[in-house]
Amino acid sequence: MKKVFYYLSSLLVLTGCTQETDFFSADRPGDQAGFKFELTTSNTRTVTDDNFKTTFSEGDKVGLFVVSRKSGTDGTLAASGNYADNRQLTYTGGVWIIDREVTYPADGEELDFYAYYPYVENADPTNITYDASKSMCDLMMASTKSITNSIETVTLTFSHQLSLVDTRVSGGAASSAVLTGVKTAASFNLGKFGSDDVMTLNSDQTGDVTMEKCDLKHFRAYIPSQDAEGSKIEIRAEDSSQPYSPQNTVFAKGSAYQYNIVSTIQRLADLPNCYIVKPGESVTFPVLKAYDVWRKIPFINGGNLRNDGELGVALIWQDVQNLIPADGGLTLNLNAENPDQSTITVKTTAGKEGNALVSATMGGDKVWSWHIWVTDFDPNKNTAEVDNNGDGITDYVFMDRNLGAITSDVTNPGSVGMYYQGGNNSPYPGFTNKFPTDGTAITDVTIYDIDNNPIKITTGDIWNDIQGQSMRRLLTNPGLFITSTGEPYSWITNNSAASFEYGPNFWTVEATGEKGVFDPSPEGWMVPAYKNNLSPWNLYLDGNTVLIDPTTIYPKGGRMKFNGTFGNCGNTMLFSGTMDGLKNFAFESSASWGQITNYSAGNALNVRCVKVQ
């Protein structure tokens, strides 16, 4: 059971996604005189439709109290002054180690052992107060009695004292989940473990419990057992919420209740800006984002659409001829009554891999663009797990290739993939038949229109410091590379002291670390942002080059510089999703080493996606 956080002021608050329990035996060194301990849990938890299993993990701590009594008499667990008070058992290297021995009793004396999980300093065993509105965990207790000096090993069998509420969301968005209308706090008397009096609800008043996020759209809460008629689970995303009423009205001790909720909430950032489709197959996606970006991000156009005219679809470019066939390659599935509920279908040509950029148009104006990544590649295969701070917890799961690459073979130019100016959702193509060289212009890259005619990316200098104007310019002309002539080399403003109205959250929502609206990645993936206040490539900079070695893992794509030419083409250069003003932190490596550089957003670098967690 990992990730346990708690505090105590006669108040026990616990946290962690735990799942019923394996048996562990703790062999003690022979020169120590105290008891040995075996810890297990009873299989008492019933579950709605899944099988939950709790397992002790390295470093888990259990609190232990011991009461002494004469044989045949009753002993009472006190707040303090017991035979042993709050001894700490720690699971270390496969055994349970106690901080201070519990010595054997005298002849005619018996010991009663009481234990709870997780351990807290200064705990009062007669008044362990748990409040799920502050934090949460799977509070467990155990006891075994009548232990004499003839017994060497004490067996403690733990059982769950709380109800587990497990919620998994499918369909639309769910950034968080809140359990409403439940009694959140209770007090537990460890000395009454095994009886109905072990728990007392602290109040009849109900409140809200923010459920712990265990994984993408997976949430859990541990609450005191209770009759909770009228309680609800409310899933939330951005400013939207969706209530769900459980069928059960009672949450029983030691039971788990699992709910599968289909979300109807549409979070703008969850509508991807890239779609993966296999050669010869089709992909259909909603146009809603083309409307909502303009309506919901005020600095772009004051909350107004660019053009409320007739909806259409257009191919901006493709980097391989006939990747998207002119005949039937693009189809607008129009919802005449509600145009924003329309969809676009893109059909690809069998046997061809590559990249394309498709735009929705309104009244002839391009308003939003999607990257179509045509590849016979499963992004969930050959992934690499990365722990960037060495705590044993996976922080990232990386794709095995750059966004837009058609191969993972770094000796092939097709491994370079697309280039992205910092914070921009639309890609720029690189060369498909050769690696870039320093000084080559972006306008030298050949791309094609829907009729397979050669066309070029165009360039144009940034106009001024008006952020909304630059954004409107790029959204309506996605084939344009905005150049700049001096720091901060931004494509969105030439004011180096600009305070972004939305900019810090382009690729990553700064406050939460969630995927941002302009993130260029496919569904379920994102540009890697900093975690633990460290770069996604932190450990690699300490000499671990297993996954970052540019000669074997990452191609040398260099960068599209702010002035429209390629540079640093002997290096691997990758943007992260973390911005600092008008710059994005990036990884840059030579043939054998690397560094973290804060690159101006006017540069365009490659991207290596990580799974949304």
Side-chain angles (χ1 to χ4, degrees), residues 271-291 293 306-307 309-336 339-379 401 403-407 414 417-420 424-433 445-458 474-481 520-523:
L271 294 170
N273 296 318
C274 173
Y275 290 93
I276 299 176
V277 57
K278 293 183 181 296
E281 296 185 3
S282 299
V283 60
T284 298
F285 53 89
V287 301
L288 180 63
K289 195 163 192 175
Y291 286 83
V293 165
R306 166 70 178 193
N307 188 322
E310 182 180 358
L311 185 65
V313 60
L315 179 74
I316 307 305
W317 54 259
Q318 53 188 339
D319 61 5
V320 176
Q321 287 180 307
N322 204 39
L323 184 70
I324 311 296
D327 184 13
L330 296 177
T331 303
L332 173 67
N333 310 300
L334 180 64
N335 183 325
D340 62 356
Q341 300 302 309
S342 302
T343 62
I344 292 172
T345 298
V346 179
K347 179 182 178 182
T348 66
T349 301
K352 289 183 177 290
E353 290 188 294
N355 297 271
L357 190 64
V358 171
S359 285
T361 63
M362 296 180 194
D365 288 346
K366 303 174 186 70
V367 291
W368 190 260
S369 301
W370 295 270
H371 171 205
I372 308 301
W373 187 5
V374 186
T375 177
D376 192 14
F377 152 67
D378 182 352
R401 65 196 66 192
L403 182 53
I406 59 172
T407 179
M418 300 291 98
Y419 292 82
Y420 295 86
N424 186 6
N425 68 290
S426 293
Y428 296 102
F431 297 101
T432 57
N433 60 347
V445 176
T446 300
I447 48 182
Y448 305 92
D449 64 17
I450 191 68
D451 295 315
N452 298 312
N453 299 309
I455 56 175
K456 304 285 187 179
I457 292 292
T458 59
L474 199 59
L475 290 181
T476 56
N477 189 358
L480 172 70
F481 186 95
S521 311
E523 183 176 14

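Quantities reported herein were computed from a predicted structural model and do not represent experimental measurements.
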- Message: Would W368 and L475 count as a side chain to side chain contact (heavy atoms under 4.5 Å, CB included) here? Give the steps.
- Response: CA-CA 6 Å; W368 190 260; L475 290 181; 3.5 Å; yes
- Message: Assess the residue pair V445 and I457 against the criterion (side chain to side chain contact (heavy atoms under 4.5 Å, CB included)); give the C-alpha distance rounded to whole Å, side-chain angles, the decisive distance to 0.1 Å, and a yes or no.
- Response: CA-CA 7 Å; V445 176; I457 292 292; 5.8 Å; no
- Task: Any salt bridge (Lys or Arg N to Asp or Glu O under 4.0 Å) involving residues 314-331? Give me the pairs, sequence neighbours left out, ordered by first then second residue.
- Result: none
- Task: For S521, check side chain to side chain donor-acceptor pair (under 3.5 Å) against everything at least two apart and list the hits.
- Result: D519
- Query: Who are the side chain to side chain donor-acceptor pair (under 3.5 Å) partners of N477, not counting sequence neighbours?
  - Reply: none
- Message: The test is side chain to side chain contact (heavy atoms under 4.5 Å, CB included); show your working for N333 and T345 and say whether it passes.
- Response: CA-CA 7 Å; N333 310 300; T345 298; 2.9 Å; yes
- Rounded distance [0.5 Å steps], CG in N355 versus CD1 in I447: 11.5 Å
- Contacts of F285 that satisfy ring pair (Phe, Tyr, Trp, His ring centres under 6.0 Å) - sequence neighbours left out: Y275, W370
- Applying the side chain to side chain contact (heavy atoms under 4.5 Å, CB included) test to I450, which of V358, I316, N322, L315 qualifies? L315
- Taking every non-hydrogen atom, the tightest pair across P286 and T343: CA-CG2, 4.1 Å
- Query: Can you name the closest pair of heavy atoms from L357 and S369 and give their distance?
  - Reply: CD1-CB, 3.8 Å
- Across all chains, not counting sequence neighbours, the ring pair (Phe, Tyr, Trp, His ring centres under 6.0 Å) partners of F431 are F566
- State whether the number of non-hydrogen atoms from other residues, nucleotides or ligands found under 6.0 Å of Q321 atom CD is greater than 12. yes
- Considering all heavy atoms of both residues, which atom of L323 and which atom of G354 are nearest to each other, and what is their separation? CD2-C, 3.6 Å
- Pairwise salt bridge (Lys or Arg N to Asp or Glu O under 4.0 Å) hits with a residue in residues 347-361, at least two apart: none
- Message: Quick check against the 3.5 Å criterion: does T348 have a side-chain atom that pairs as donor or acceptor with the backbone of E281?
- Response: yes
- Only one of V374, L330, T331 forms a side chain to side chain contact (heavy atoms under 4.5 Å, CB included) with V346, so which one is it? L330
- Message: Considering only residues two or more places apart or on different chains, which pairs with a residue in residues 354-372 satisfy salt bridge (Lys or Arg N to Asp or Glu O under 4.0 Å)?
- Response: R306-D365
- Partner residues of W317 under the side chain to side chain donor-acceptor pair (under 3.5 Å) criterion, sequence neighbours left out: none
- Query: With sequence neighbours excluded, what pairs up with D340 under the salt bridge (Lys or Arg N to Asp or Glu O under 4.0 Å) test?
  - Reply: R295
- Identify, with sequence neighbours excluded, every residue that meets salt bridge (Lys or Arg N to Asp or Glu O under 4.0 Å) alongside D376. K278
- Query: Is any side-chain heavy atom of I372 less than 4.5 Å from a side-chain heavy atom of Q318?
  - Reply: no
- Message: Can you confirm whether more than 12 heavy atoms, excluding those of Q341, are under 6.0 Å from its CD atom?
- Response: yes
- Task: For residues P379 and I276, report the shortest heavy-atom separation together with the two atoms involved.
- Result: CG-CD1, 3.9 Å
- Message: For a 4.5 angstrom cut-off between non-hydrogen side-chain atoms, does P478 reach S359?
- Response: yes
- Note on the structure: Those residues at least two apart in sequence (or on a different chain) that pass ring pair (Phe, Tyr, Trp, His ring centres under 6.0 Å) with F481 are Y428
- Is the backbone N or O of D451 less than 3.5 Å from a side-chain atom of D449, with the two atoms forming a donor-acceptor pair by type? yes
- Query: In Å, rounded to the nearest 0.5 Å, how long is the span from CD1 of I406 to OG1 of T432?
  - Reply: 7.5 Å
- Distance-minimising heavy-atom pair for V287 and P339: CG2-O, 3.7 Å
- Message: I need the minimum non-hydrogen distance between L403 and P522, along with the two atoms involved.
- Response: CD1-CD, 4.0 Å
- Query: Parallel under 30°, tilted from 30 to 60°, perpendicular over 60°: which one fits the rings of F377 and W373?
  - Reply: tilted
- Message: Are the side chains of L474 and S426 in contact, using a 4.5 Å heavy-atom criterion?
- Response: no
- In Å and rounded to the nearest 0.5 Å, what is the OG1 to CD1 distance from T284 to I344? 9.5 Å
- How long is the gap from CG on N335 to OG on S342, to the nearest 0.5 Å? 5.0 Å
- Note on the structure: For T446, the side chain to side chain donor-acceptor pair (under 3.5 Å) test, sequence neighbours excluded, returns K456
